[in-house]
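FYI, side chains are in, hydrogens and waters are out, and symmetry mates aren't considered; it's all heavy atoms of this structure.
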Amino acid sequence: MTSSRRITYTSTAADPEFRATFDRELGAVRSRFPLRLGGLVGQGPVERERSHAVRSPIDTRWTIAEVAVATPNDVDSAIGFARAAFPGWRAMGWERRVEILSAAAEKIASRNLELAAWMVFEVGKTRLEAMAEVEESADLLRYYAERMATNHGYRRLLARMSPAESTESVLLPYGVWAIVAPFNFPSALAAGMIGGALVTGNTVVFKPALDAPISGELLARALWEGGVPRDALQLVQGGAEVGSQLVNEPRVAGVAFTGSSTVGMSLLRDAGRDWPRPMVVEMGGKNAAIVTGTADLEAAAEGVARSAFGFGGQKCSACSRIYVEDTVAARFTELLVARARSAVVGDPSAGDPTLGPVIRARSVESFRRYVDGIREGGGRILAGGEVLEEGERGFGYYVSPTVATLPRRDHPYFSEEMFLPIVLVERVAALDEAIALANAAPYGLTAGLFAGEAREVQRFFDGIEAGVLYVNRRSGATTGAWPGINPFGGWKASGAPGPAALGPDYLLKFLREQSRTVNGFEAI
């Protein structure tokens, strides 16, 4: 079933027809609890030697899935199957792979409501957030298929040294890629990494996050149904042990990972054991928004609130720092605090809250630690700061959107990724000071500016150290990238160098160049 209305990350309201349709889908999905998942090794499901119960962060009394955790032998076998499938998948030709990825995108689109409903229960996204992610998943496959076709499979004739000699540049796949996806965008981030690897001719062993195995497995099923051979896309479920074995296996030619800086940097350090391996690594951010004295303050407050509190701040692109000029700081802060206080926190399967739960109990404990740390450091909690445990919320993981200040600009919280709905506000004298403070953090993923003068916009573009920039974006100060529109890649500690995801050159990360020079007849 599909929705007639296209929803993206800039969508702000759900119409009654959509709500009613989605309510029916939520009821249908809930009747299927617990879903039995096992991954896939070879052509069949993983045997259930050890299982993991997935409980909804909305209400931990709900067991929404039982997942068979892959054993070391399963992981070893999955790599073997993907390696054996590589020659055939590569030889299939880019035109057929483009057709298959496009067909898989339509499979996702045709069941977008079902996939989004499972995501609501699985990770606690609101209905609009979940629908937008499923739509992005389909668009990612479409876009990367289109990029492969536009570049004619990445074959290009080059200049000649002599009339008798021809040379061609051919970009070719590496082999087996390990794809390790996070919980916060369990479908879209996985679809982008898997789609990039597959359409270029690589094969894949995919490990979803242990907190989000349903979205990962449903995505894999759509790809298989679209025509991806099962051996070419292997699926293993599990936690850190499964992921570690997978990415450290010598038969794995490349790794695509989205997650913490600690794990990402470890992967990059270990990438060149026998020879360098390609790494596609995205590692988060500490994203700043800057508000100047010429800004539209209502738009700035809305854009910051959407980026800071959407999905509980559990986005690598979430806005977690604001530098606002003194002349407008009091009014901007008043507007932002009002938005935080008016935000509704609750069960996204039962209505339309501003935000649902955070993902796990450990996230709630981190929230308590950060709030206590702000107070102990002499800071002020201007809004929020509470763990919400009354009534039905006591069975889930709910915290309040929080606006705070700290007395020291060099406090570690200004450079530490929290992954929670906490945003710090700091006053500055001028734009240049704000840019310098924004750049002081080790991360450089996204950044936003609200300003009313063109010279301020240019100064921001010239000075800020981040890969994804937004100016005067009411729908999201630092968030909301979309395939083919906003290339998404981080600088500094936010990601490995090279072309950005969602952009026109991302597929180059999954390809290596071969030069073919032929004397006597044309290159084949």
Side-chain angles (χ1 to χ4, degrees), residues 9-10 182 184-185 189 192 258-261 264-265 268 280-292 295 300 303-308 310 313-325 409-410 412-419 422-426 428 430-451 454-483 485-506 509:
Y9 298 124
T10 61
N184 60 335
F185 287 86
L189 284 172
T258 302
S260 73
S261 178
M265 289 306 299
L268 289 170
V280 179
V281 179
E282 194 271 284
M283 299 178 289
K286 186 68 179 176
N287 310 291
I290 297 171
V291 182
T292 74
V304 166
R306 282 176 61 87
S307 286
Q314 299 171 121
K315 301 179 183 179
C316 54
S317 58
C319 181
S320 58
R321 301 179 288 156
I322 308 157
Y323 298 106
V324 55
E325 286 191 10
R409 292 174 168 181
D410 62 347
Y413 289 178
F414 276 110
S415 59
E416 183 177 330
E417 186 178 35
M418 297 180 182
F419 233 58
I422 300 173
V423 64
L424 301 173
V425 181
E426 176 67 17
V428 295
L431 176 58
D432 282 352
E433 182 183 15
I435 291 172
L437 290 169
N439 289 343
Y443 296 100
L445 184 53
T446 70
L449 172 72
F450 289 90
R455 63 173 182 82
E456 295 175 312
V457 175
Q458 191 58 53
R459 180 69 194 96
F460 173 72
F461 286 159
D462 290 343
I464 202 73
E465 295 173 357
V468 189
L469 307 181
Y470 303 99
V471 175
N472 294 333
R473 203 163 195 250
R474 191 171 194 141
S475 60
T478 63
T479 56
W482 200 261
I485 298 173
N486 312 103
F488 191 82
W491 292 12
K492 304 192 296 189
S494 289
L502 284 65
D505 298 317
Y506 178 68
K509 286 181 176 283

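Rounding to the nearest 0.5 angstrom, the gap separating the NZ atom in Lys315 from the CZ atom in Phe185 is 5.0 Å. Note that the CG atom of Asp432 and the CG atom of Leu437 stand 11.0 Å from one another [nearest 0.5 Å]. Between the NZ atom in Lys492 and the OG atom in Ser261 there is a gap of 12.5 Å [rounded to 0.5 Å]. Atom CD of Gln314 is separated from atom CG of Asn184 by 7.5 Å, given to the nearest 0.5 angstrom. From Thr292, atom OG1 reaches atom CZ of Phe450 across 10.5 Å, with rounding to the nearest 0.5 Å. Distance check: Tyr470 OH to Phe460 CZ gives 11.0 Å after rounding to the nearest 0.5 Å.
Put simply, the side chain of Thr479 does not reach to within 4.5 Å of the side chain of Tyr9, judged on heavy atoms. Val468 is not listed as a side-chain neighbour of Asn287, based on a closest heavy-atom distance of 4.5 Å or more. With a 4.5 Å cut-off on side-chain heavy atoms, Glu456 and Val471 do not count as touching. At a threshold of 4.5 Å between non-hydrogen side-chain atoms, the residues Thr10 and Arg473 count as touching. Looking at Pro487 and Leu502, their side chains never come closer than 4.5 Å, going by heavy atoms from C-beta outward. The shortest distance between side-chain heavy atoms of Ser320 and Glu417 does not fall below 4.5 Å.
Contact between Arg306 and Gly476 at its shortest, heavy atoms only, is NE-N, 4.3 Å. Listed here is the closest heavy atom pair of Ile464 and Trp491: O-CZ3, 4.1 Å. Between Met265 and Met283, the shortest heavy-atom distance links the atoms N-SD, 3.6 Å. Annotation for Leu189 and Pro182: closest pair CD1-CG, 3.5 Å, computed over non-hydrogen atoms. The nearest pair of heavy atoms linking Ser307 to Thr478 is OG-N, 3.0 Å. The two residues Cys319 and Val304 come nearest to each other via the heavy atoms SG-CG1, 4.2 Å.
Salt-bridge formation is not detected for the pair Glu426/Arg321: no Lys NZ or Arg NE/NH1/NH2 atom is positioned less than 4.0 Å from an Asp or Glu carboxylate oxygen.
Judged by distance alone, the side chain of Glu433 and the main-chain N or O of Ile435 form no donor-acceptor pair under 3.5 Å.
Taking the six-membered ring where tryptophan is involved, the planes of Tyr323 and Phe414 are essentially parallel, since the angle between them stays under 30° and well short of 60°.
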Carefully, step by step, assess Leu449 and Val457 under the rule side-chain contact (heavy atoms from CB on, under 4.5 Å).
CA-CA 7 Å; Leu449 172 72; Val457 175; 4.2 Å; yes
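Put simply, the residue from Cys316, Ser494, Ser415 that forms a side chain to side chain contact (heavy atoms under 4.5 Å, CB included) with Tyr443 is Ser494.
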